[in-house]
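Order of appearance sets the numbers: ligands from 1, and atoms from 1 within every ligand. In this text the structure is predicted, and so the values were computed from the model without any measurement.
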Amino acid sequence: MKKIALVLLILAVAASFGFAQRNRTLIGIAMPETHVQRWVKDGNSLKTFAEKAGYRAEVQWGNAEQAQQNQQIQSFLTQGAKALVVGCINDGVRSVIAEAARDKVIVIAYDRIIPNSADYDYFITFNNFKVGQLQGQSIESALNLKSATAAAPKYVTLFAGSPTDGNAFFFFDGAMSVLNPYIDKGVLKVVGPYPRTSADRANFQRIATENWQAPIAKTRMENLLSNDARTVTLDAVLAPNDTLARAIIEACKADAKYRTKLPAVTGQDAEFDSMISIKNGEQTSTVFKDTTKLAEAAILLADQVLKGRPVRIPGAVLASGDLAKIGDTGRKVVNTYLLDPILVTKSNIRVPVNAGFYDAAQAARITAR
Ligand code: GAL
């Protein structure tokens, strides 16, 4: 008799747990792609923090196809999600965001603005203009531009991120805010297309990289090396993120001119493969954006908004003044919370490791003597 009672009790507890689990508020997490390492980590971190906060969470990756991501978001809405955390691919996401708004579902744009939409109120990201400034400063110091002369100019070629990604414009403008004064003085010369800022859309389009695809960057670098850069030795390449930086370095390593000395190549995301490249003296720098902290902050934001509480995000500032432009969707300026990026080179390579950004095996390989 006792045995039956015990079995019934266990079944009842399991059923109530299952019911409670199913009954938890659902947060839908839509990440753009997996061909850029960092988004896999972002999606998993967001799910972990959402579940820790007592929510049910489902994460999907859109394979850089907006139509696919839209179907994933629609499925979250059908399942009754009360909040969406969206790292979009392009402005094709607007239609499902409008649907979410009609259903009074909270939408948080995650590390990529949802452009041309007035149907959401929150964006959480990094100070993307500063990300670019750090990339520019990395070139400034690697080439010692402060002491360079027009008699012996340094040479740089420019790459930008995807023209479908609002961040790419801020990254580029931040970098050029550092480099343009040296170009004006003639101590730094641009090889290839030179948009002074992203406002020069025609030339920006010529240096942009659709959907951050590494093969596109590699082919473009190979073409530059055989044409515009054939008769000069490049001292630096402005690469907007690590995936593209590694592709550009691959192209340079295949060119005899750079066999013993690579140009200084920038990056972003502190991806493990690029940290090894930096350790090996190939990639010059990356920009560490602690996306574990970003994920935690995004879920805190969702939780506070869902509960109608005042929004306070430790470690993030509400963008204001010039920085508010980062949250301008083109239809409205949304509440934009900015976390701080950090430049990482060989000399401070432990910063992302000490932040716990890698697993133990990866951390050991980055820090091994
Ligand atoms: C951007 C993001 C960068 C980089 C890039 C490639 O939106 O801010 O950190 O990951 O996408 O996916």
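- At a heavy-atom distance under 4.0 Å, only side-chain atoms of Phe171, from C-beta outward, approach ligand 1.
- The single protein non-hydrogen atom nearest to atom 2 (C) of ligand 1 is Arg38 NH1, 3.5 Å, given as residue, atom name and distance.
- Residue Asn167 places at least one N or O, backbone or side chain, under 3.5 Å from an N or O of ligand 1.
- Near Lys289, meaning under 4.0 Å from any of its heavy atoms, are these atoms of ligand 1: 2 (C), 3 (C), 8 (O), 9 (O).
- Atom 11 (O) of ligand 1 has Arg112 NH2, 2.9 Å as its closest protein atom, hydrogens excluded (heavy atom only).
- Ile248 places a side-chain heavy atom less than 4.5 Å from the side chain of Phe159.
- Under the 3.5 Å distance criterion, with hydrogens and angles disregarded, a donor-acceptor pair is assigned to the side chains of Arg196 and Tyr194.
- Below 30°, between 30° and 60°, or above 60°: for Phe171 and Trp212 the angle between ring planes is above 60°, a perpendicular geometry.
- Of all protein heavy atoms, the one closest to atom 9 (O) of ligand 1 is Asp269 OD1, 2.6 Å.
- The aromatic ring centroids of Phe272 and Phe357 lie 6.0 Å or more from each other.
- Linking Ile, Leu, Val, Met, Phe, Trp and Tyr whenever their side-chain heavy atoms come within less than 4.5 Å puts Val59 and Ile124 in one cluster.
- Asp165 OD2, 3.1 Å is the protein heavy atom nearest to atom 1 (C) of ligand 1.
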Glu58/Gln79 under side-chain hydrogen bond (donor to acceptor under 3.5 Å, both in side chains): CA gap, chis, key distance, verdict: CA-CA 10 Å; Glu58 192 189 324; Gln79 294 173 62; 3.1 Å; yes
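- Between Trp39 and ligand 1, a contact under 3.5 Å exists for at least one N or O pair.
- Each of the following atoms of ligand 1 lies closer than 4.0 Å to a heavy atom of Asn241: 6 (C).
- Annotation: atom 5 (C) of ligand 1 to nearest protein heavy atom, Trp212 CE2, 3.5 Å.
- By the 30° and 60° cut-offs, the orientation of the rings of Tyr337 relative to Tyr122 is parallel.
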